[in-house]
Protein chains: 2
Amino acid sequence: MPRSKGAVSIRDVAAAAGVSVATVSRVLSPATADVPMRKETRDKVERAIDELGYRPNDLARALLQHRTAAIGLVVPDISNPYYPPLVRGVEDVASSHGYRVVLCNTDRDPAKITGYLDTLIKTRVDGIVVAGGGWADVPERTAVLGRYRTGLVAVGRHLTAHPSVRIDNVAASRAAAEHLIGLGHRRITFVGGPATSTTVQDRAQGFRDALKASGLDRLAPAVRYGDFTEESGYALAREILRPSRPPTALLCANDRVALGAYAAAADTARRIPDDVSIVGFDDTPIARYVRPTLTTVAIPTYEMGSAAMRLLLAQFGGDGGPALETMPTRLVVRGSAAAPPGGGPDA
Amino acid sequence: MPRSKGAVSIRDVAAAAGVSVATVSRVLSPATADVPMRKETRDKVERAIDELGYRPNDLARALLQHRTAAIGLVVPDISNPYYPPLVRGVEDVASSHGYRVVLCNTDRDPAKITGYLDTLIKTRVDGIVVAGGGWADVPERTAVLGRYRTGLVAVGRHLTAHPSVRIDNVAASRAAAEHLIGLGHRRITFVGGPATSTTVQDRAQGFRDALKASGLDRLAPAVRYGDFTEESGYALAREILRPSRPPTALLCANDRVALGAYAAAADTARRIPDDVSIVGFDDTPIARYVRPTLTTVAIPTYEMGSAAMRLLLAQFGGDGGPALETMPTRLVVRGSAAAPPGGGPDA
DNA sequence: TTGTAAGCGTTATCAC
DNA sequence: GTGATAACGCTTACAA
């Protein structure tokens, strides 16, 4: 018989069991597992809990302990296939450590970002994992976090001054470009992704580095920007493949863009990899199911998420300040890249 | 100068502004926007808030108001491409109404499901949106929700007795099958998805209904189960296409399975749609980018998410009990389904 | 071994 | 107009 309307509280349980609230609290709290207690009392309490279907109010608990066991996870857009594994990685280690995760989609909009940041602080999450960019003018905002002892770790290189997990996009992209060059390609175009993205900037840089290292930079490295969608990849590839002497290989900013390029090749009657080689980024599940299978750079997205969460937990544990974890990438060679038409250098 | 260690509280602000905590609360609380107050006082308070970087503690607020402005979102696995748009739909309307969302991945594991349910109740979320199955023995568990005034709406037909948003999978699948039959196919196999999924059961049923209605059910309708992955689709399709006289069309449980079937067709040198027609379910972004483009049933996933959240908001508003919203599906005819080899009935 | 009571950071009800 | 103060549902000294 709960008092009044509303949820059953610790007082209802105490009353039902004929003990004090302190006693009920003791049977529930792991912190007081060591204090001695008559088995009979414990049983009475547990019976009452069961009968009433009592669930302790974690808000009250959190208020007292200054710890909510919640973390915020800020991503640009969960609909972007890149993020779900990352989110899953964060959630898995979070939940296995008793933390719940509050998901925030920002669309890289500074207004939304600061709005969510405020909400997260007000609800006193213990920490925040931020992935993806759009944080141009936001850094100052993170100053408040310190005042509220809110941890933060970034996935990517957009928020310096905080622990972060990253990949070496420059090196990864360079390796992919070198693979193409090794195959004999001389005219390669880097395709797509927003020019403002640090990820894209790094990948474009790695591409340029590879060309330069091979002395292929007398012709200005061809880099075309767009966004991260199939649509963008399709449109760009259509344009790029139009000239009479188009590039023989396309290094795409991600797999979605690569998939768009596949469609463009099909629609212009070009065979992959015979007429044009295509390389992607991310190794999303589709990569092994398109035909030809897609050669792409595997990014350990799930692991980046779980590593980020672990870094956050380390912060909670007081284990040091800024840390930086660089995760390995790997070029997965499949069927979409081969020697250029003619079989060798043609420049 | 916050008292002690820890976050700045309303008392710090009151002290800094030289007013009582009640006054500070009044400038912050929308509920008391109407009470008169000297502009000078308000300014003093606002200045103090700014200077201290004060963020009210929503836990305390929630404790008092019996309302957390949080909802739980329970999905099988965010990595499954079907869910991100749904999640986004929920999050968009949630955040635009001031609610935050706590994401829970269950892997359809009853233990995880009940675990998350408990956590969500303990943190006193105002409501829960559940999508996806695995709830076989869980329904009794939802009884507790009532005791804590926790709203619930289901996406799908697995949790009767609660408001829900659904699609008519039977009708949708039947329409897809009829499309194939209309094209002239007589030997069609329904491919994949877990036999335990109500979604799959419904789609298989619609498939059988279509065959029966066309008098094609003298040959036992061919239905093969697996799971929702490309891998499963690939494996099943390889088997299905092996016989000397294989089906001329594959109705796949979802686009991922269909993509697996694409790969199987390619690897066995069968042309789509010339040798075999393929139809999918979900209309995921890839559908329009594979070649040939994939004929598939579009499911308004995003809208289902936003509708579910709206239903939850309606519950909060006391707007009636169980409601049921059925969202429309649509067969998107693209390039993967055409007349069977020979051009017409061959049975 | 168990109970009493202070206090976590707010809001709401009274007074003044 | 503004200030005390009693809740909200818990945990944790400190008593008993």
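So that the names make sense, note that chain A is the first sequence line, chain B the second, and so on, each numbered from 1.
The residue T32(A) sits apart from the nucleic acid: no heavy atom pair falls under 4.0 Å. Base engagement by S25(A) is indicated by at least one non-hydrogen atom pair under 4.0 Å involving a base atom.
The pair D43(B)-R47(B) fails the salt-bridge criterion, with no side-chain N (NZ, NE, NH1 or NH2) lying under 4.0 Å from an Asp/Glu carboxylate O. Remark: R55(A) engages D118(B) in a salt bridge, criterion side-chain N to carboxylate O under 4.0 Å. Contact check on D107(A) versus R88(B) returns a salt bridge, with a Lys/Arg side-chain nitrogen under 4.0 Å from an Asp/Glu carboxylate oxygen. Ion pairing of D58(A) with R124(B) is absent here, as no side-chain N (NZ or NE/NH1/NH2) approaches a carboxylate O to less than 4.0 Å.
Look at CG on L59(A): it is 10 Å from C1' on dC8(D), rounded to the nearest Å. Here the P atom of nucleotide dC8(C) and the CD1 atom of I10(B) are 14 Å apart, to the nearest Å. Spacing between atom CG of D12(B) and atom P of dG9(C) amounts to 9 Å, rounded to whole angstrom units. Atom pair Y148(B):OH and dC10(D):C1' shows a separation of 13 Å (rounding to whole Å applied). Per the geometry, CG belonging to D58(A) stands 9 Å off P belonging to dT11(D), to the nearest Å. dC10(D) atom C1' lies 13 Å from atom NE2 of H66(B), rounded to whole Å. For the pair K122(B) NZ and dC10(D) C1', the computed distance is 13 Å after rounding to whole Å. Between R67(B) atom CZ and dG9(D) atom P there is a gap of 17 Å when expressed in whole angstrom units.
Here R42(B) does not reach the OP1 or OP2 of dG1(D): none of its side-chain N or O atoms lies under 4.0 Å away. Contact annotation: R38(A) side-chain N/O to dT1(C) OP1/OP2 distance is not under 4.0 Å. Taking side-chain N and O atoms only, T23(A) has a distance below 4.0 Å to OP1 or OP2 of dG3(C). For S9(A), no side-chain nitrogen or oxygen approaches OP1 or OP2 of dG9(D) to under 4.0 Å.
For L63(A), taking side-chain heavy atoms from C-beta onward, the closest of the listed nucleotides dT1(C), dT12(D), dC8(C) is dC8(C). Closest to the side chain of R26(B), out of dC14(D), dT2(D), dT11(D), is dT2(D). Side chain of L64(A), nearest nucleotide from dT10(C), dA12(C), dG9(D): dG9(D). For Q65(B), the side-chain atoms get nearest to dA12(C) when compared with the rest of dA12(C), dT10(C), dT12(D). Nearest nucleotide to the S29(A) side chain, out of dT2(D), dT12(D), dT11(C): dT12(D). Comparing dA4(D), dA5(C), dG7(C) against the side chain of S20(B) picks out dA4(D) as the nearest. Taking the side chain of R11(B) as heavy atoms from C-beta on, and the options dT4(C), dC8(C), dT2(C), the nearest nucleotide is dC8(C).
Between A60(B) and L28(A), the residue anchored closer to the 5' end of DNA chain D is A60(B), taking for each the nucleotide with the nearest heavy atom.
Under 3.5 Å, the side chains of R11(A) and S9(A) contain no donor-acceptor pair of N or O atoms.
If you run side-chain contact (heavy atoms from CB on, under 4.5 Å) between R26(B) and each of T32(B), V19(B), V21(B), only T32(B) comes through.
Judged by distance alone with a 3.5 Å cut-off, no donor-acceptor contact links the side chain of R124(A) to the base of dG9(C).
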